[in-house]
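Comments concern the structure below.
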Amino acid sequence: MSMVIRNGVVVTSLRVIERGYILIRNGVIAEVGKEPFSGYAEEVIDAEGMLIVPGFIDTHTHGIGGLDFTANRDPESVLKMAKSYARHGITAFLASTVAAPLEVLEEACRAVREAIDMWRGEGAKILGVHLEGPYTNPEMAGAQNKAWIRKPDLEEFKRLVESCRGVVKQVTIAPELPGADKLITYARSRGIIVSAGHTNASYEEGLKAVKLGVTKANHLFNGMTRFHHREPGIALALLQSPNVYLEIIADFIHLHPAVVKMVIDYATPKRVVLVTDSIAATDMSDGIYELGGLKVIVEKGVCRLADTGVLAGSTLTMDEAFKNIASLGYSLQEAAIMTSLAPAKSLGIERLGDIEVGYSADIAILDKDFRVVKTIVSGEIVYEK
Ligand SMILES: [Zn+2]
């Protein structure tokens with residue numbers, strides 16, 4: 001099976017090709033070049049001068065379209081969400097859970113595992129599960145339900161990970177908690193990415209966590225010790241550690257645009273992973289929703305817990321995140337690194353998240369206003385406007 005996408009502005013992490021083309025064979029990018037394309041392909045897509053970018057990869061999303069991974073624990077719901085993500089140019093994602101009873105988390109993992117096994121090109125690819133908690137700091141719960149936040153317990157965590165047959169790819173832990181060290185070491189030994197989040201660790205504790213194996217910041221600055229010039233906290237430790245990827249919720253609500261800019265300029269786009277932290281209310285109208293058993297009020301797309309007013313995820317989508325970052329003056333290449341390549345690399349996945357020979361043919365075609373026109377996953381069209 002071969003396909004050529006022609007006559008578009010091809011954006012990769014290294015270059016922009018005006019009037020470029022991409023040849024795809026068996027779901028993999030076989031050739032990237034400048035028109036005229038003189039080869040043969042069974043299927044031809046004319047991009048009509050639009051942008052051809054690497055498909056977006058969201059490594060932190062809880063739900064979309066009225067569904068979420070913690071509440072809707074069946075493979076059909078997961079596949080439905082995969083379809084909804086594709087409408088926003090997302091070609092791969094990690095299903096994120098929130099703090100919940102252990103058996104609920106186990107069921108959520110099982111549903112994602114089954115959905116991965118059932119997946120036949122319905123929308124975005126499912127990369128696995130991101131457990132956001134339950135081993136986080138209750139003082140920094142944010143919108144996580146304190147009733148289900150737990151103390152780090154290695155045996156319990158092992159059972160959870162093992163019962164889910166390798167589907168857990170990332171876990172968010174507060175590294176300052178007693179027993180967190182062992183969890184981090186164990187997770188790393190199983191190839192699970194450890195992200196520091198919902199934490200009030202100090203700068204020093206942050207550096208220690210990085211030494212132990214933390215390689216990611218869970219939505220940097222949100223749910224973290226506040227930066228102070230005499231007590232910089234874990235956020236600065238993560239920012240200053242060159243091997244740590246930094247999640248940023250680029251809705252300009254969770255962080256001031258100037259802070260987003262500061263992070264990108266300091267860490268460079270290669271370390272910045274744009275995420276949505278989106279919840280079930282995404283793609284839905286304003287109203288009352290639920291997250292981890294807590295009531296969430298969504299007003300003008302902004303999600304807050306009903307009783308405390310704390311931000312509770314977002315209704316951001318990755319195409320909007322791309323647009324927001326571009327509006328700060330970053331190039332299309334830089335935006336593509338932060339929405340695709342850095343997310344893939346933050347999970348240790350190779351040949352994903354870029355438009356280069358040998359990479360999975362996961363692509364989004366965007367119009368001049370960055371609206372998604374087509375989404376292609378492994379060389380198959382999964383969404384068309
Ligand atoms: Zn989250």
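For this chain, numbers begin at 1 and follow the sequence in order. Everything quoted here is computed from the prediction, not taken from an experiment. Ligands are counted one by one from 1 in listed order, and the atoms in each one are counted from 1 as well.
- Glu132 contributes atom OE1 as its closest N/O/S atom to the Zn ion (ligand 1).
- In summary, no N, O or S atom of His219 is located under 2.8 Å from the Zn ion (ligand 1).
- His198 and Glu132 form a side-chain donor-acceptor contact under 3.5 Å, judged by distance and modelled atom types alone.
- Both tests hold for Lys158 against Tyr186: distance to the six-membered ring centre under 6.0 Å, angle to the ring axis within 45°.
- Ile363 has its side chain out of reach of Thr91: every pair of non-hydrogen atoms, C-beta onward, lies at least 4.5 Å apart.
- The Zn ion (ligand 1) is the vertex of the angle joining NE2 of His62 and NE2 of His60, which measures 100° to the nearest 10°.
- Side-chain contact, Lys169 with Thr59: no donor N or O sits under 3.5 Å from an acceptor N or O.
- Its N, O or S atom nearest to the Zn ion (ligand 1) is what matters here, and for Asp277 that atom is OD1.
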